[in-house]
Amino acid sequence: MSVLGRKARRDIGRRRWQYLTIAATVSIGVMLFSASYDAYLNLETSYNHTYDRLVFADLTITGGDTAGFAAQAETRAGVTAVSVRRQADIPIRVDGDHKLLGRIVELPGGGQPAVNQVDILRGSFPSPGGPAAVLVERHMADHFELEPGADVELLTSGRWTRFEVAGVVASPEYIWPARSRQDILTTPDDFGVIFAPSSVVDETAGTAATQALVRFDPDGRPARLMDELRADAAAARASAIEPRADQPSHAALQEDVAGLGELSFLFPMLFLGAASMATFVLLGRVVRSQRPQIATLVANGLSTRQVMVHYLGEGILVTGTAGVVGVALGVPLGRLVTGLYTDAISVPDTVTRFHYSTVVIGLALAASAGVVATAAPAIAAARVAPGEALRGLAPTGRGGRSAIERLVPPVGRLPARWRMVLRGIGRNRRRSLSTGMGVVLALTLILASWGMIDTVDILVDRQFDQIERQDA
C-alpha cells in the first residue's frame with residue numbers, strides 16, 4: 001500500500017465514529033432513493049401490466065351513435081379491439097338496509113368483453129342458463145364482505161330486485177374506485193360497482209347510457225389515431241369523449257405515482273445534503289490539523305495534484321462505500337414497498353423488476369455527495385505552502401466585540417464564558433455556517449414529514465366533514 005493509502009486508512013480509523021455517522025447518513029439517503037424510485041418504476045410497470053392483461057380502453061365515448069362509431073373505429077389502422085356496452089348509476093342495497101348510489105356496467109353477452117375485461121378473483125361469470133346473477137367489484141365486495149352466493153339488491157324499474165353474487169372481480173377501470181374526475185375520493189359506503197349481463201341491465205328503466213370502448217395498438221401511432229377517432233366521435237354526436245389520460249381511476253393513480261416520483265428525490269436529497277455538510281466540516285478540520293504533515297509531504301516531492309486527489313478520494317471512498325450499502329438495502333426494500341402499496345390499493349398485478357437506472361443513479365448520488373463535500377477541503381490542502389504551514393497557524397487579526405455585542409450592547413456585560421461562545425461563532429464563519437445549514441436540513445426533513453401528515457388529515461377532514469356532510 002502506498003504512503004498516501006496508509007495515511008487515508010489511518011485517518012479514517014482515527015475518526016471512525018465520525019466517518020461511520022456520515023456513511024450511515026449517506027446510506028439512509030441512498031436507501032430511501034433506491035426504495036422509493038424502484039417502487040415508482042415498479043408501480044408504473046404493475047399498472048401497465050394490468051392494463052395490457054385486461055385490455056384497458058385507450059378511448060371511451062358516451063352517447064350518440066355508438067354503434068356507428070364502433071363500426072367506423074374497427075376499420076381504423078392501429079385499433080386492436082372495440083366493444084359497445086351500457087352503463088348506469090342506480091341505487092344499490094346491501095344487507096337489506098344499507099343503500100348507496102352505485103354503478104352497473106354491462107357485460108355484453110354475459111362473458112368477458114373485448115375491452116375493459118374483468119379479472120375473476122373469486123367465483124365465476126354468471127351462468128347463461130341459470131338465474132340472474134351479477135359480479136361485484138372487489139372494493140365493494142371487501143367492504144361489505146360479499147362472497148359468491150351472497151345477495152345484493154338493485155333498484156330497477158321502480159322496485160328492488162334481488163340478485164345473487166356470482167363472483168368478485170377486479171377491473172382496470174376501478175383500481176382506484178372513483179365515480180368521476182370531480183368525485184375522486186369516494187368510499188365503499190357511498191359508491192360501488194356491479195358488472196351484470198345484458199338481461200339485468202335491461203331492467204334499469206332506460207337510464208343506462210351506451211358507451212363505445214376502443215383499444216389501440218401500442219406500437220402504432222396513437223396520437224394520430226386519437227385525433228381521427230375524436231373526429232369520428234364528434235361526427236357521431238357523442239356526449240362525452242374520454243381518453244385514457246382523463247379516465248378517473250387512471251388519472252388519480254398517475255397523480256399519485258407522479259408524487260411518489262418527486263418524493264423519491266426530495267427526501268434522499270435532504271439526507272445526502274446533511275451528509276455532505278458533515279463530510280465538509282470533518283474533512284476541513286482534518287486538513288487544518290494536518291497542515292504540517294501536508295507541508296512535509298509537498299516539501300519532499302509530492303505534487304499538489306496528488307495531495308488534492310488524496311483528500312478528495314478519502315471523502316469519496318466513505319460516501320461511495322455507503323452508496324453501495326444503500327443500494328443493496330434499497331432495492332429489496334423497493335420491492336417490499338411495491339407489494340405493500342399494490343396490496344393497499346388493490347392493484348390486481350404486482351410486478352417487480354431490477355432496474356439498472358436505480359443502481360446507477362443511487363451510486364452517482366452518493367459519489368456526487370462525496371465530491372461536493374470534499375472539493376473545497378481538498379483544494380485547500382493542495383494550496384498549502386510548505387514554509388507557511390510549518391510555521392503553524394497564528395491569528396493575523398485582532399480580537400474585538402462580536403456583531404451581536406455591537407447590535408445589543410447589554411450582551412457585552414454577560415459573563416466571559418458566554419461572550420467567548422458568542423465570539424467563537426464569528427471567528428470561524430465557514431464552520432458556523434455549515435453547522436447551521438446542517439441543523440436547517442434536519443429540521444426541514446422533520447417538518448416536511450409532519451407537513452405531509454397534517455396535509456392528509458386536513459384533506460380528509462375537509463372532504464368528509466366539511467364538504468360531504470350528509471349521513472345518508
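For this chain, numbers begin at 1 and follow the sequence in order.
The shortest non-hydrogen separation linking Ser357 to Leu41 is OG-CD1, 3.9 Å. Across all non-hydrogen atoms, the minimal contact from Arg179 to Leu101 is NH1-O, 3.0 Å. Among all heavy-atom pairs drawn from Pro113 and Leu107, the shortest one is CD-CD2, 4.2 Å. For the pair Leu100 and Pro188, the tightest heavy-atom approach, listed with the atom from each and the gap, is CD2-O, 3.9 Å. Here the closest non-hydrogen pair linking Pro177 and Phe191 is O-CD2, 3.9 Å. Listed here is the closest heavy atom pair of Pro348 and Asp119: CB-OD2, 4.1 Å.
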*Working for side-chain contact (heavy atoms from CB on, under 4.5 Å), residues Val371 and Ile316*: CA-CA 6 Å; Val371 170; Ile316 295 175; 3.5 Å; yes

*Run the ring-ring contact (aromatic ring centres under 6.0 Å, His included) check on His250 and Tyr51 step by step: do they pass?*
CA-CA 10 Å; His250 176 75; Tyr51 292 161; 5.4 Å; yes

*Checking side-chain contact (heavy atoms from CB on, under 4.5 Å) for the pair Thr60/Gln247: CA distance, chi angles, key distance, verdict?*
CA-CA 9 Å; Thr60 301; Gln247 201 274 335; 5.9 Å; no

_Asp461/Gln466 under side-chain contact (heavy atoms from CB on, under 4.5 Å): CA gap, chis, key distance, verdict_ = CA-CA 7 Å; Asp461 175 72; Gln466 299 179 33; 2.9 Å; yes

*Check the pair Leu43 / Thr342 against side-chain contact (heavy atoms from CB on, under 4.5 Å), numbers first and verdict last.*
CA-CA 8 Å; Leu43 282 173; Thr342 54; 3.7 Å; yes

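Although no hydrogens or angles enter the test, the distance criterion places a donor-acceptor pair under 3.5 Å between the side chain of Asn48 and the main chain of Glu44. Using modelled atom types, one side-chain atom of Asn42 and one backbone atom of Arg353 make a donor-acceptor pair closer than 3.5 Å. Judged purely by atom type and a 3.5 angstrom limit, Arg230 has no side-chain atom pairing as donor or acceptor with the backbone of Pro243. Without hydrogens or angle criteria, Ser249 side chain to Trp176 main chain gives a donor-acceptor distance under 3.5 Å. Counting only distance, with no hydrogens or angles, the side chain of Asn116 and the backbone of Ala57 share a donor-acceptor pair below 3.5 Å. Under a 3.5 Å cut-off, the side chain of Thr358 and the backbone N or O of Phe354 do not form any donor-acceptor pair. Judged by distance alone, the side chain of Ser27 and the main-chain N or O of Ala322 form a donor-acceptor pair under 3.5 Å. Thr62 contributes no side-chain N or O that, together with a main-chain N or O of Ser239, makes up a donor-acceptor pair within less than 3.5 Å.
Using modelled atom types, one finds a donor on one side chain and an acceptor on the other under 3.5 Å when comparing Thr187 with Asp190. Asp349 and Thr50 share a donor-acceptor pair across their side chains, judged by distance under 3.5 Å alone.
Between His98 and Phe144, the distance separating the two ring centers is shorter than 6.0 angstrom.
Contact of the Asp232 side chain with the Ile61 side chain is not registered, since no non-hydrogen atoms from C-beta on lie closer than 4.5 Å. Side chains of Arg462 and Ile467 form a contact here, defined as non-hydrogen atoms less than 4.5 Å apart. Side-chain contact between Ile241 and Leu59 is present, with heavy atoms from C-beta onward closer than 4.5 Å. The side-chain heavy atoms of Phe125 and Val118, taken from C-beta on, include a pair separated by under 4.5 Å. Residues Val30 and Val26 are in side-chain contact: their nearest non-hydrogen atoms beyond the backbone lie under 4.5 Å apart.
Once rounded to the nearest 0.5 Å, the distance linking OH of Tyr40 with OG1 of Thr45 reads 10.0 Å. The line from CG of Leu135 to CD1 of Ile120 is 5.0 Å long, rounded to the nearest 0.5 Å. Rounding to the nearest 0.5 Å gives a distance of 14.0 Å between CD of Glu255 and CG of Leu260. Atom CG of Asp58 is separated from atom CG of Leu229 by 9.5 Å, given to the nearest 0.5 angstrom.
Of the listed residues (His139, Arg103, Glu137), just one forms a side-chain hydrogen bond (donor to acceptor under 3.5 Å, both in side chains) with Tyr174, and that residue is Arg103.
Electrostatic pairing of Asp52 and Arg215 counts as a salt bridge here, judged by a charged N lying under 4.0 Å from a carboxylate O.
When the shell of 6.0 Å around CZ of Arg53 is examined, it contains more than 12 heavy atoms from other residues, nucleotides or ligands.
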